[in-house]
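What follows is a short report on a single structure.
All residue numbers refer to positions in the sequence shown, counting from 1.
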Amino acid sequence: MNRKKKINEALKKRQKKTNAKLHRSNKPRYISKADRAKMEAEAQQAEQAQDVNPTESAEGEQPAE
């Protein structure tokens, strides 16, 4: 009886592992506070760059005649 129980436990354990790999969490990846601050600073710099040079980007979009 012990041998059967041991084998069944091993098989169940392996099956649980494979099921766990198939069903991943939908939870978003953790981003540290420092990384969030850095990303926010980069976004602000990008906005400022767009505000400073809006005519340059508009000129580049017009077709040359």
Side-chain angles (χ1 to χ4, degrees):
M1 194 66 171
N2 253 352
R3 191 174 10 168
K4 283 185 179 181
K5 183 178 178 183
K6 217 175 197 181
I7 292 170
N8 283 334
E9 284 180 355
L11 293 174
K12 285 180 186 178
K13 186 176 178 182
R14 186 179 297 162
Q15 194 173 23
K16 279 185 180 183
K17 280 186 180 182
T18 56
N19 282 339
K21 284 184 181 180
L22 290 175
H23 302 288
R24 293 288 178 176
S25 175
N26 290 332
K27 192 169 107 176
R29 199 177 120 253
Y30 175 75
I31 301 173
S32 69
K33 192 173 184 179
D35 289 342
R36 285 181 293 200
K38 187 166 55 168
M39 288 170 51
E40 189 176 313
E42 288 173 356
Q44 287 177 352
Q45 286 177 350
E47 286 178 13
Q48 288 175 354
Q50 287 178 348
D51 291 342
V52 172
N53 300 324
T55 56
E56 288 180 12
S57 62
E59 289 176 5
E61 293 175 2
Q62 295 177 353
E65 290 182 21

> Once you round to the nearest 0.5 Å, how far does NZ of K5 lie from NZ of K12?
Replying inline: 9.5 Å
>> Can you tell me which residue among E40, K38, Q44 is in a side-chain contact (heavy atoms from CB on, under 4.5 Å) with E42?
In response: K38
> At what distance, to the nearest 0.5 angstrom, does NZ of K4 lie from CD of E9?
Replying inline: 14.5 Å
>> Does R36 have more than 12 heavy atoms from other residues, nucleotides or ligands lying within 6.0 Å of its CZ?
In response: yes
>> Can you tell me how far apart NZ (K16) and CZ (R14) are? Round to the nearest 0.5 Å.
In response: 14.5 Å
>> If I take atom NZ from residue K13 and atom CG from residue N8, how far apart are they, to the nearest 0.5 angstrom?
In response: 14.5 Å
